Amino acid sequence: VRSAVSTLDLATPRDLGEALALLAEAPRTPLAGCTDLYVALNAGTLAATRFLDLSALDELRGIALANGRLVIGAMTTHAEIERSPLVAEAFPLLARAAAEIGGPQIRHRGTLGGNLVNGSPAGDLLPPLAVAEATIVLESARGERRVAYRDFFTGYRATVLAADELVRAVEVAPPAGAGWYRKVGTRAAQAITKVALAAIRESGGGCRLAFGSVGPTVTRHPRTEAALAASVAEAQRVLGEEIRPIDDLRSTAEYRLAVARNLMARFAAETGGAA
Amino acid sequence: VRFTLNGRPVEVEAPPMKRLLDVVREECGLTGTKEGCGEGECGACTVLVDGAPVNSCLVPVAQVRGREVVTIEGLAGHPLLERFAREGAAQCGFCIPGMVVAASARAPGEDPRRALAGNLCRCTGYTAILRAVEDAEEGEP
């Protein structure tokens, strides 16, 4: 480890109330599955020194169906999402995305809340949450706040989360229609996404699309969605205007755009869309 | 921090953010758990926490308070060890503790390739390792 861990300050609250009271006193970086945190710590690139351990907060765990909406606690792991009969029934797209994250070791540690707050455009749960227009439930000592997915991210790895707030849960109304998901990386396991697509074919023929890793945040692409209703070729052209992939250490903008266009065509073909 | 290590209660004095990997090796003296990449990629440091395989290089020791940790030393006598030996499933051997711990957590019927997707081996080409784990699936002695 390149960072000295002995000087790091970790608060370990026993319940949500205690955690929120600590955050109201002074800012701390919340710790969930630590799968990203220790990569930064090991590389010596982590600036934070004060942390808040969320692992004892049972209020942030669990998956339930309430009033027809799926409610998933922020500390729920990818492995729990992957295996949940409730998620498989109500929102299989999310289960499929969770199942392709990392390997078993990462899926047993990484969490839904961590995927959101870390805010990487390669966060694999984000495309399904974007197409389903999930609601993020935030909580602080000041009270609860509900934020629509499309308003949660303000830029690259930036969110509306205030320093004294935690993500408590994510709520999703099960989207109607046929879901489709495909992640493209260097290999099937343990690879960070180069391009991902979560899509839904609605019963009326319309569709929803959210690509991962093709812009600073993961969002829906309304102009491409509208174009796809008429023609795949036109939608592929519009997609080139609507997404902003970049060159980085994992891939190139050109490759990402080509793959994004191909994934969309495959989605259209496999779900019986326009020619 | 108090937790259960290979079935026995232990109490260690360590900074809360110290990696479970380092606590197991340094404070507890169990060096079967290896550090490979140190960033959750290779699985050499795999241990079980409450039965689930995790990378111990990514776990602060504070997060195992009150939990059950099993390392490769805790799997002494496990049938997988015999199978790995019989198949010659090791060359340099550095990845093998993590491989065995991950394989021990494989769900019945789960594809061995999927169960070991988080474990890298740079020597063997995996064939003998998968054979050893597949044998376990068939319930051979």
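Not measured: the values here are computed from a predicted model. Residue numbers begin at 1 in each chain, while the letters A, B, ... track the order of the sequences.
Ranked by non-hydrogen atom pairs under 4.5 Å with chain A, the options B/P16, B/A117, B/P53 are led by B/P53. The greatest number of non-hydrogen atom pairs below 4.5 Å with chain A, out of B/G38, B/P60, B/G43, B/A62, is found for B/P60. Comparing A/S55, A/A189, A/G33 by heavy-atom pairs within less than 4.5 Å of chain B, the highest count is held by A/S55. Per-residue heavy-atom pair counts under 4.5 Å with chain B were compared for A/G102, A/C34, A/S6, A/A40, and the maximum is reached by A/C34.
For A/E100 and B/R114, the salt-bridge test fails: no basic side-chain N is under 4.0 Å from an acidic carboxylate O.
A 6.0 Å sphere centred on CZ of B/R2 holds no more than 12 heavy atoms belonging to other residues, nucleotides or ligands. Within a 6.0 Å radius of CD in B/E68, other residues, nucleotides and ligands contribute 12 heavy atoms or fewer. Environment of CG in A/L46: crowded, with over 12 heavy atoms of neighbouring residues, nucleotides or ligands closer than 6.0 Å. Heavy-atom neighbours of B/E11 CD from other residues, nucleotides or ligands within 6.0 Å: above the threshold of 12. Within a 6.0 Å radius of CZ in A/R14, other residues, nucleotides and ligands contribute 12 heavy atoms or fewer. Residue-environment remark: CD (B/E26) exceeds the threshold of 12 foreign heavy atoms within 6.0 Å.
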- [ ] Just do the side chain to side chain contact (heavy atoms under 4.5 Å, CB included) check on B/R65 and A/T12 with the steps written out, would you?
- [x] CA-CA 10 Å; B/R65 178 175 292 125; A/T12 55; 3.9 Å; yes
Task: Criterion side chain to side chain contact (heavy atoms under 4.5 Å, CB included) on A/D53 and B/Q63, from CA distance to verdict - done: CA-CA 8 Å; A/D53 180 25; B/Q63 288 193 344; 2.8 Å; yes
Task: Verdict with reasoning, A/R109 to B/L58, per side chain to side chain contact (heavy atoms under 4.5 Å, CB included) - done: CA-CA 9 Å; A/R109 291 284 301 170; B/L58 301 181; 5.6 Å; no
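Within the 4.5 angstrom heavy-atom criterion, atoms from both the backbone and the side chain of A/A99 approach chain B. At a 4.5 Å heavy-atom cutoff, B/A105 makes no contact with chain A through either its backbone or its side chain. With a 4.5 Å cut-off on non-hydrogen atoms, B/C57 touches chain A through its backbone but not through its side chain. Contact annotation for B/V49: neither backbone nor side-chain heavy atoms come within less than 4.5 Å of a heavy atom of chain A.
Each of A/D9, A/L37, A/T49 was evaluated against B/M17; a single residue qualifies, A/L37, per the side-chain contact (heavy atoms from CB on, under 4.5 Å) test. Residue B/E39 is tested with A/T35, A/D36, A/V39 for a side-chain contact (heavy atoms from CB on, under 4.5 Å); the sole match is A/V39.
Of the inter-residue distances, the one linking B/T46 atom OG1 with A/H108 atom NE2 reads 11.5 Å to the nearest 0.5 angstrom. To the nearest 0.5 Å, atoms SG (B/C42) and CD (A/Q190) are separated by 9.0 Å.
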